[in-house]
Amino acid sequence: MLLLDAEVIIDDSDNDGMSKPIQAIKQGGKELLVRVYSGVILVIWIMAPYLLLQQFAIRDVYWLEPTVWDRSIPINFYGLWFYFTYYILLGVVGLSVRKPVYMRFLLTVGWTVLVAHMVFLFFPNGVSREEIPGEGAPFFYEVILAYDAPRNAFPSLHAALAVIAGLAVNRCCRYHPVARVLVWCWVLGIFWSTIALRQHVLVDLLGGAAVAVGAWIFVGWFHRAEIEQMRDGVVS
């Protein structure tokens, strides 16, 4: 009986040991689904008003003039690769940072987009693409022309959300310093692509970056309680 009891106890401990990885996998899967779901909601929050505001304006559109610095950057269609990887950057950061950082990332994007949409609504603006040759443009640039009107330029959401991704990476301990530098190089590449494709001018990028930094600081103060609740016991 004692031997049998001992065997039962050993078996139970083995089961407990095996259940921990299974629980961890389940928890990880659940968190992944939550992040994907919240990411989908965030995309709707960004794109639905953005596309709507491209169709009408409550006042005349103000067309932003390129500066000397903007004109010094030649048109370069290779910028399309950086321009579209912006979406990959947001996805990678959103899925990889720790919970508290992710919460701050999510809320900062939400507030930044709200501010940008208010500017687009009450101060309609755009950047002319007349400098881009009408013929010989790559297919993917024609996709931009077809689905993204040259409006809603200031503040640049490409710049703002890319900067937020960089701030989140800086805040998360999971990233090696070298990886952080590479992410910021990625952000700068996105900045360059928006000007090389004549989607934005310098003032758009500066405005977007300023809104992003301001929203990041605001969220860290105003939503401190919500962020603290997401802490999982690991410094991030």
Side-chain angles (χ1 to χ4, degrees), residues 34-54 57 62 64 82-127 148-172 175 180 183-184 186-195 199-227 230 236:
V34 169
R35 294 200 184 194
V36 171
Y37 174 76
S38 59
V40 170
I41 298 299
L42 199 62
V43 169
I44 295 173
W45 172 249
I46 296 170
M47 295 306 300
Y50 179 87
L51 295 175
L52 182 63
L53 289 169
Q54 286 207 327
Y62 179 80
L64 297 160
F82 264 119
Y83 189 81
F84 284 116
T85 60
Y86 150 84
Y87 302 101
I88 298 175
L89 173 63
L90 296 181
V92 168
V93 172
L95 292 174
S96 63
V97 295
R98 294 191 181 278
K99 288 181 182 179
V101 181
Y102 177 68
M103 175 60 75
R104 190 169 182 178
F105 170 79
L106 202 66
L107 292 170
T108 303
V109 171
W111 279 108
T112 298
V113 170
L114 177 62
V115 171
H117 286 157
M118 291 299 100
V119 175
F120 299 155
L121 176 61
F122 294 107
F123 181 61
N125 60 81
V127 174
D148 188 13
R151 298 259 300 275
N152 302 343
F154 176 90
S156 166
L157 283 177
H158 258 71
L161 302 191
V163 166
I164 294 170
L167 292 172
V169 167
N170 269 7
R171 187 79 176 103
C172 184
Y175 283 87
R180 295 174 184 177
V183 166
W184 280 108
W186 192 350
V187 171
L188 292 176
I190 291 169
F191 276 40
W192 163 78
S193 72
T194 64
I195 295 179
Q199 290 292 102
H200 290 286
V201 292
L202 178 61
V203 68
D204 303 335
L205 306 183
L206 295 178
V211 172
V213 172
W216 181 265
I217 295 171
F218 170 77
V219 167
W221 167 74
F222 188 74
H223 293 283
R224 181 177 299 177
E226 293 95 321
I227 294 171
M230 296 294 293
S236 44

Looking at side-chain heavy atoms only, is the closest gap between Val93 and Ile164 below 4.5 Å?
no
Closest approach of Leu205 and Phe191, non-hydrogen atoms and distance?
CD1-O, 3.7 Å
Can you see which heavy atom on Ala212 is nearest to which on Ala160, and at what distance?
CB-O, 3.3 Å
Taking the side chain as everything from C-beta on, heavy atoms only, tell me whether Pro49 gets closer than 4.5 Å to Phe120.
no
Can you give me the closest heavy-atom contact between Val183 and Gly166, atom names plus distance?
CG1-CA, 4.2 Å
For Leu64 and Ala153, work out which heavy atoms get closest and say how close.
CD1-CB, 4.1 Å
What's the spacing between Leu157 CG and His200 NE2 if we round to 0.5 Å?
7.5 Å
Determine whether Trp216 and Val163 make a side-chain contact, defined as any pair of heavy atoms from C-beta on separated by less than 4.5 Å.
no
Taking all atoms of both residues into account, what is the closest heavy-atom pair of His158 and Tyr83, and its distance?
NE2-O, 3.3 Å
Could you tell me the separation between the OG1 atom of Thr112 and the NE2 atom of His117, rounded to the nearest 0.5 Å?
11.0 Å
Separation between OH (Tyr50) and CZ (Arg151), nearest 0.5 Å, reads 10.0 Å
Please step through side chain to side chain contact (heavy atoms under 4.5 Å, CB included) for the pair Val169 and Trp184, ending with a clear verdict.
CA-CA 9 Å; Val169 167; Trp184 280 108; 5.9 Å; no
Euclidean distance, Cys172 SG relative to Arg180 CZ, rounded to 0.5 Å
7.5 Å
Worked verdict on Leu106 versus Arg35 for side chain to side chain contact (heavy atoms under 4.5 Å, CB included)
CA-CA 10 Å; Leu106 202 66; Arg35 294 200 184 194; over 6 Å; no
For the side chain of Arg104 and the backbone of Ala168, is there at least one donor-acceptor N/O pair under 3.5 Å apart?
no
How about CH2 on Trp45, more than 12 heavy atoms from neighbouring residues, nucleotides or ligands closer than 6.0 Å, or not?
no
So with a 6.0 Å cut-off around OH of Tyr62, is the heavy-atom count from everything else above 12?
no
If you apply the rule side chain to side chain contact (heavy atoms under 4.5 Å, CB included), what do you find for Leu161 with Ile46, and how did you get there?
CA-CA 11 Å; Leu161 302 191; Ile46 296 170; 3.8 Å; yes
Audit row: Leu89, Val187, side chain to side chain contact (heavy atoms under 4.5 Å, CB included) steps and yes/no
CA-CA 9 Å; Leu89 173 63; Val187 171; 4.1 Å; yes
Side chain proximity check, Phe154 to Pro124, heavy atoms < 4.5 angstrom
no
Donor on one side chain, acceptor on other, Thr194 and Tyr86, under 3.5 Å
no
Which pair of heavy atoms, one from Phe105 and one from Gly94, lies closest together, and at what distance?
CE2-CA, 4.0 Å
Distance col, row Ile88:CD1 vs Trp186:CH2, nearest 0.5 angstrom, shows 6.0 Å
For the CG atom of Leu121 and the CG atom of Leu53, what is their distance to the nearest 0.5 Å?
6.0 Å
Can you tell me if Asp204 uses its side chain to pair, donor with acceptor, with the backbone of Ser156 under 3.5 Å?
no
